[in-house]
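We count ligands from 1, going down the list as the structure has it; atoms in each ligand are counted the same way.
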Amino acid sequence: MPQRPSPEDGKLWAELGLDVELHARILESISANFERQVESRPGRPAGMAYFDGVIHGSHGDRVREVMAKRAAGAKFVGTFCVYVPEEILIALGTVHLALCGGTAVTIPYAEQNFPRNMCPLVKSTLGLALSGTCPYSPLEDLAVGETTCDAKKKTWDVLGREGGFHVLELPQKKNPADRALWLEEVRTFTRRIEALTGNALDADKLAGAVRLMNRKRRALARMHDWRKADCPPISGTDALVVMQAALIDDPERFTLNLESLNEELAERAASGLGALPPGAKRILIAGCPSVLGNWKVHHIVETSGGAVVVDESCTGTRYFTGLVDESPADRDGLIEAIADRYLTIDCSCFSPNAERMANAVRMAGEYRAAGVVQYVLHACHTYNVEAIAMADALKAAGIPSIKIETDYSEEDAGQLQIRIEAFIESLEFRHGR
Ligand code: SF4
Ligand code: SF4
């Protein structure tokens with residue numbers, strides 16, 4: 001999204017019927033944040049240039065790529081959540097990417113018609129569509145929502161009134177009956193994408209898509225293994241940029257570039273080249289995702305004496321943990337394996353969600369986090385209420401934590417910096433890692 005607009009981009013946006021002037025202003029504002037919070041940081045791996053380019057091209061080159069693929073007959077599918085089974089979209093030949101908004105600039109456009117007390121992620125996403133500044137809206141053949149939280153599911157009702165929308169129903173528990181419901185949802189989703197593309201899901205193509213997504217997950221896991229090092233060779237802010245790119249880039253190209261970044265990280269780790277000062281306190285960020293356009297909390301942590309070593313979020317481990325079983329030889333077996341893997345995701349939409357607390361405590365140990373910052377977006381009730389159980393579980397494991405509630409604006413940045421700095425400083429005395 002951050003991109004100093006070029007004249008070619010202006011022409012592209014006009015061709016798509018967007019509000020060119022407003023769109024340019026939004027990108028200018030996001031570019032300024034990206035340059036200040038990400039690109040200007042010293043000691044970044046050279047391989048980050050590719051991922052910066054993905055972010056820069058998200059309203060330019062990637063849009064052109066989607067247009068070219070559509071012109072060649074592919075359907076374009078927009079998504080909003082990591083529960084959408086990407087393997088099925090890939091196997092059926094669609095081009096897909098996540099459309100979640102991470103900018104405050106578009107929020108007033110959502111607030112004209114929707115309640116102000118919804119989370120910034122939903123409002124930002126809606127605002128992009130309603131302000132005529134989302135370049136993907138005019139290209140969308142189908143949008144896929146899910147019933148993960150009230151804000152989202154009621155928003156899909158409104159957006160879906162004119163059709164072109166599919167909603168995946170997520171169960172709220174993980175009992176056998178819930179698994180059966182979810183499997184049926186994945187089957188229905190498959191039929192919907194088959195109808196959209198006019199193609200029947202082929203077992204070989206599905207197996208290929210499963211292998212590709214598993215390879216992508218392995219590459220992401222390997223990047224995270226380097227973050228476990230004493231001096232992580234990649235900062236948490238850069239790792240977040242990679243995760244944001246993962247949600248919008250072509251999966252194969254992304255994986256190849258991540259594999260080559262991982263080689264560079266291996267060399268940096270071997271020579272003890274850390275991305276942050278050696279005394280930085282190791283921090284796990286848990287909770288809401290930080291989607292493209294939003295680097296605020298990572299930047300604050302990493303300019304306050306901390307190093308973000310892992311994200312327990314959908315722009316972190318929730319996106320890539322757990323592989324799909326590649327062994328089924330038939331289409332139905334593979335669909336079942338896909339449904340099972342996605343049901344292991346531990347979003348706060350599940351109740352009760354003891355699995356998430358156990359995973360966070362385990363991760364804090366694996367990544368040797370000295371403390372946890374629970375990151376909750378305003379009006380995200382599921383993560384906010386679950387923060388109580390999370391704080392209790394961390395406390396029981398002897399891991400200090402702090403909860404911050406914030407949005408996409410920079411207005412509270414000073415106040416957050418003071419609280420986070422004080423928290424990180426206190427870790428010296430308690431853990432000294
Ligand atoms: S936090 Fe929950 S609703 Fe949001 S993207 Fe992740 S799984 Fe989906
Ligand atoms: S951040 Fe919370 S409220 Fe917002 S879309 Fe995600 S789960 Fe829903």
- What atoms of ligand 2 come within less than 4.0 Å of a heavy atom belonging to Cys380? 1 (S), 2 (Fe), 3 (S), 7 (S)
- For ligand 2, which atoms, with element, lie under 4.0 Å from some heavy atom of Val122? 5 (S)
- Do you know the tightest heavy-atom contact between Ser313 and Gly287? CB-O, 3.4 Å
- Query: Strictly under 2.8 Å, is any N, O or S atom of Cys81 next to atom 8 (Fe) of ligand 1?
  - Reply: yes
- Query: Nearest to atom 2 (Fe) of ligand 1, what protein heavy atom do you find, and at what distance?
  - Reply: Cys347 SG, 2.4 Å
- Determine whether the side chain, the backbone, both or neither of Cys119 has a heavy atom under 4.0 Å from any heavy atom of ligand 2. side chain
- Distance in Å, Asn384 CG paired with Glu405 CD, rounded so as to fall on 0.5 Å steps: 4.0 Å
- Query: Going by the atom numbers of ligand 1, which of them fall below 4.0 Å from some non-hydrogen atom of Tyr83?
  - Reply: 7 (S)
- Message: Can you tell me how the ring of His56 sits relative to the ring of Phe34, calling it parallel under 30°, perpendicular over 60° and tilted otherwise?
- Response: perpendicular
- How are the rings of Tyr136 and His59 set relative to one another: parallel (under 30°), tilted (30 to 60°) or perpendicular (over 60°)? perpendicular
- Item | Six-ring centre of Phe254, Lys216 cation under 6.0 angstrom, axis tolerance 45° | yes
- Please find out if less than 6.0 Å separates the ring center of Tyr342 from that of Trp182. no
- atom 6 (Fe) of ligand 2 within contact range, any protein heavy atom under 4.0 Å: no
- Task: Could you tell me whether Lys152 approaches ligand 1 through its side chain, its backbone, both or neither, with non-hydrogen atoms closer than 4.0 Å?
- Result: side chain
- Item | Pairwise side-chain contact, Glu326 with Leu334, heavy-atom cut-off 4.5 Å (strictly under) | no
- Tyr367 and His224 aromatic ring geometry - parallel, tilted or perpendicular at 30°/60° bounds: perpendicular
- Whether Thr148 lies under 4.0 Å from ligand 2, heavy atom: no
- Heavy-atom nearest neighbour in the protein, as seen from atom 8 (Fe) of ligand 2, with distance rounded to 0.1 Å: Cys149 SG, 2.3 Å
- Message: Under 4.0 Å from a heavy atom of Tyr383: which atoms of ligand 1 are those, numbered in the order shown and with their elements?
- Response: 1 (S)
